[in-house]
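Note that ligands are numbered from 1 as they come in the structure, with each ligand's atoms numbered from 1 the same way. In this text the structure is predicted, and so the values were computed from the model without any measurement.
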Amino acid sequence: MKVICVSGGSKGLGKGVVEDLLRHGYSVATYSRSKTEFIEKTQEAESSERFYWESIEGTDLEALKLFAQKVFRKYGQIDGLINNVGMASDGILTLMNSGDIDQLISLNLKSPLHLTQTCAKYMLQQGRGIIINISSIVGIRGHSGVAVYSATKSALDGFTRSLARELGGRNICVNAIAPGYMDTEMGAMLGEAKRKQIIRRTPLNRLGKVEDIVGMVRFLLSKDAEFITGQTLIIDGGLTC
Ligand SMILES: NC(=O)c1ccc[n+]([C@@H]2O[C@H](COP(=O)([O-])OP(=O)(O)OC[C@H]3O[C@@H](n4cnc5c(N)ncnc54)[C@H](OP(=O)(O)O)[C@@H]3O)[C@@H](O)[C@H]2O)c1
């Protein structure tokens with residue numbers, strides 16, 4: 001059974017990915033800060049061979065390293081890593097305080113980089129692995145009010161491309177998925193006017209849903225995607241076209 005690590009799997013997109021992977025026969029290890037009803041129910045429903053969750057602060061780099069070590073010791077393999085954890089910022093750069101800027105960079109960028117470093121060491125030992133980074137369309141196109149968030153997501157795309165070159169020869173694929181605005185807790189931070197504006201500008205005339213993204217995650221984990229690496233795949237209903 002293939003073992004996939006998913007960061008931030010308690011709600012939103014991460015929860016959708018965890019549910020979908022469990023449904024398709026994967027074992028899943030995930031973390032978040034708090035235990036949601038979804039995590040509780042999944043722990044009850046699934047054996048510990050199939051599902052593992054831990055409470056971790058995603059900016060605690062040592063805790064992330066221990067998490068990956070624990071998962072590898074428990075399952076003996078890490079076949080895939082989905083770097084999903086992230087937070088949004090709201091506010092123009094000149095008004096942001098430096099603590100908020102650092103927090104965004106720590107969680108959205110440093111955290112996936114360090115978790116990937118530990119997981120990639122195991123993947124190198126195994127001679128195979130798949131890494132998927134969840135970035136965002138605002139890492140590709142400019143949007144006012146999210147400059148630091150955009151910077152972290154563009155950086156994740158750059159990380160994806162260079163790491164794909166570093167690890168390609170060792171049978172490890174690295175890709176990113178850039179969703180448009182989704183109807184999650186994070187997406188709910190959009191005001192009503194902004195939400196209507198985005199829908200108006202989207203050819204497919206709606207916001208994204210978690211289900212629009214999870215199929216792409218599963219595809220990138222599958223054999224059908226074994227010749228795809230170093231790419232950022234945009235899923236946004238055409239907003240950026
Ligand atoms: N929603 C959108 O419109 C949108 C669009 C493009 C890209 N994205 C990206 O998609 C990914 C998922 O977004 P989402 O909308 O599903 O977010 P979400 O609903 O806010 O879920 C975020 C997940 O990460 C965990 N998390 C957040 N902060 C954490 C921390 N400091 N330490 C540990 N875990 C933490 C949360 O659990 P706890 O709060 O319990 O820790 C939760 O499981 C993010 O990378 C985001 O940037 C989202």
Side-chain angles (χ1 to χ4, degrees), residues 5-20 28-40 42 53-64 66-68 81-90 99-100 102-116 131-141 143 145-157 159-160 176-191 194-195 197-199 202 206-214 216-217 232-237 239-240:
C5 287
V6 180
S7 67
S10 66
K11 58 187 175 194
L13 177 58
K15 167 181 178 258
V17 169
V18 170
E19 275 176 321
D20 185 72
V28 179
T30 189
Y31 73 81
S32 54
R33 288 167 302 182
S34 44
K35 188 187 249 193
T36 53
E37 200 184 322
F38 165 68
I39 297 292
E40 238 162 61
T42 310
W53 172 85
E54 207 178 310
S55 171
I56 290 179
E57 165 51 57
T59 56
D60 181 344
L61 304 181
E62 192 52 34
L64 290 179
L66 291 173
F67 170 76
L81 166 65
I82 320 297
N83 281 312
N84 164 75
V85 86
M87 64 185 281
S89 70
D90 208 10
D100 289 344
D102 289 350
Q103 172 70 13
L104 263 172
I105 293 171
S106 292
L107 186 69
N108 291 8
L109 187 56
K110 284 175 79 175
S111 175
L113 258 57
H114 283 263
L115 183 59
T116 302
I131 296 164
I132 302 170
N133 298 315
I134 304 297
S135 64
S136 166
I137 54 163
V138 305
I140 297 164
R141 295 283 163 84
H143 286 256
V146 290
V148 181
Y149 178 75
S150 295
T152 64
K153 294 302 187 179
S154 299
L156 215 47
D157 288 345
F159 173 61
T160 300
I177 297 174
Y181 294 90
M182 287 185 293
D183 245 338
T184 61
E185 214 168 275
M186 189 187 284
M189 283 167 65
L190 291 169
K194 184 88 184 154
R195 193 185 161 87
Q197 186 194 55
I198 291 163
I199 293 173
T202 302
R206 63 170 173 84
L207 291 186
K209 292 183 284 192
V210 162
E211 302 86 79
D212 296 322
I213 314 296
V214 297
M216 179 59 80
V217 171
T232 296
L233 298 132
I234 299 174
I235 305 179
D236 68 348
L239 180 60
T240 54

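Of all atoms in ligand 1, listed by their number and element, those nearer than 4.0 Å to a heavy atom of Ser136 are 6 (C), 7 (C). For ligand 1, the atoms lying closer than 4.0 Å to a non-hydrogen atom of Ser10 are 36 (C), 37 (O), 40 (O), 42 (C), 43 (O). Those atoms of ligand 1 with a heavy atom of Tyr149 less than 4.0 angstrom away are 7 (C), 8 (N), 9 (C), 46 (C), 47 (O). Within ligand 1, counting atoms from 1 as listed, the ones closer than 4.0 Å to a heavy atom of Tyr181 are 3 (O). Those atoms of ligand 1 that come under 4.0 Å of a heavy atom in Glu57, given as number and element, are 30 (C), 31 (N), 32 (N). Atoms of ligand 1 lying under 4.0 Å from at least one heavy atom of Lys11, given by number and element, are 21 (O), 36 (C), 37 (O), 39 (O), 42 (C), 43 (O).
The protein atom (non-hydrogen) at minimum distance from atom 48 (C) of ligand 1 is Met182 CE, 3.6 Å. Of the protein's non-hydrogen atoms, the one nearest atom 40 (O) of ligand 1 is Ser34 OG, 2.7 Å. Considering only non-hydrogen protein atoms, atom 19 (O) of ligand 1 sits nearest to Gly12 CA, 3.6 Å. The shortest contact between atom 32 (N) of ligand 1 and any protein heavy atom is with Gly58 N, 2.7 Å. Gly180 O, 3.1 Å is the protein heavy atom nearest to atom 5 (C) of ligand 1. In terms of protein heavy atoms, atom 6 (C) of ligand 1 is closest to Pro179 O, 3.3 Å. The single protein non-hydrogen atom nearest to atom 22 (C) of ligand 1 is Gly86 O, 4.2 Å, given as residue, atom name and distance. The closest protein non-hydrogen atom to atom 7 (C) of ligand 1 is Ser135 O, 3.2 Å.
Asp212 places no side-chain N or O within donor-acceptor distance of the main-chain N or O of Ile235, the cut-off being under 3.5 Å. Of the possible donor and acceptor atoms, one in the side chain of Ser55 sits under 3.5 Å from a partner among the backbone N and O of Arg33. Without hydrogens or angle criteria, Asn84 side chain to Ser7 main chain gives a donor-acceptor distance under 3.5 Å. For Ser150 (side chain) and Gly139 (main-chain N/O), no donor-acceptor pair under 3.5 Å exists by modelled atom type. Thr184 places no side-chain N or O within donor-acceptor distance of the main-chain N or O of Gly12, the cut-off being under 3.5 Å. A donor-acceptor distance shorter than 3.5 angstrom exists from the side chain of Thr30 to the backbone of Val6, with no hydrogens or angles considered. Put simply, the side chain of Glu57 gets close to the backbone of Thr59: a donor and an acceptor are under 3.5 Å apart. Using a distance-only test at 3.5 Å, with no hydrogens or angles considered, no donor-acceptor pair links the side chain of Ser111 to the main chain of Asn108. Under the 3.5 Å distance criterion, the side-chain polar atoms of Lys11 are left unmatched by any main-chain donor or acceptor of Gly16.
In this structure, CG in Leu113 is found 7.5 Å from CG in Leu156, a value given to the nearest 0.5 Å.
In terms of polar-atom proximity, Gly8 is counted as a contact of ligand 1, with an N or O under 3.5 Å from an N or O of the ligand. Residue contacts with ligand 1: Leu13 is placed with a nitrogen or oxygen under 3.5 Å of a nitrogen or oxygen of the ligand (distance criterion only). Distances between N or O atoms of Met87 and those of ligand 1 include no value under 3.5 Å. Residue contacts with ligand 1: Arg33 is placed with a nitrogen or oxygen under 3.5 Å of a nitrogen or oxygen of the ligand (distance criterion only). The shortest N or O to N or O distance between Leu107 and ligand 1 is not under 3.5 Å.
Note on ligand 1: Gly16 sits outside its first shell, no heavy atom being nearer than 4.0 Å.
In Ser7, neither the side chain nor the backbone holds a heavy atom less than 4.0 Å from any atom of ligand 1. Contacts with ligand 1 closer than 4.0 Å are made by heavy atoms of both the backbone and the side chain of Val85. Of the heavy atoms in Ile56, only backbone atoms (N, CA, C, O) come closer than 4.0 Å to ligand 1.
For atom 17 (O) of ligand 1, the choice among Gln103, Lys153, Met186, Met189 with the nearest heavy atom turns out to be Met186. For atom 1 (N) of ligand 1, the nearest non-hydrogen atom from the set Val18, Thr184, Asn108, Ile134 belongs to Thr184. Within the set Leu156, Asp60, Asn84, Asp236, the minimum heavy-atom distance to atom 44 (C) of ligand 1 is found for Asn84.
In this model, a donor atom of one side chain and an acceptor atom of the other lie less than 3.5 Å apart for Thr116 and Asn83. A donor atom on one side chain and an acceptor atom on the other are found under 3.5 Å apart for Asp236 and Thr240.
Between Thr202 and Arg206 the shortest heavy-atom distance is CG2-O, 3.6 Å.
Within the 4.5 Å cutoff, no side-chain heavy atoms of Met186 are placed close to those of Tyr181.
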(request) Would you sort out whether Ser10 and Trp53 count as a side chain to side chain donor-acceptor pair (under 3.5 Å), showing the intermediate values? (result) CA-CA 9 Å; Ser10 66; Trp53 172 85; 5.8 Å; no
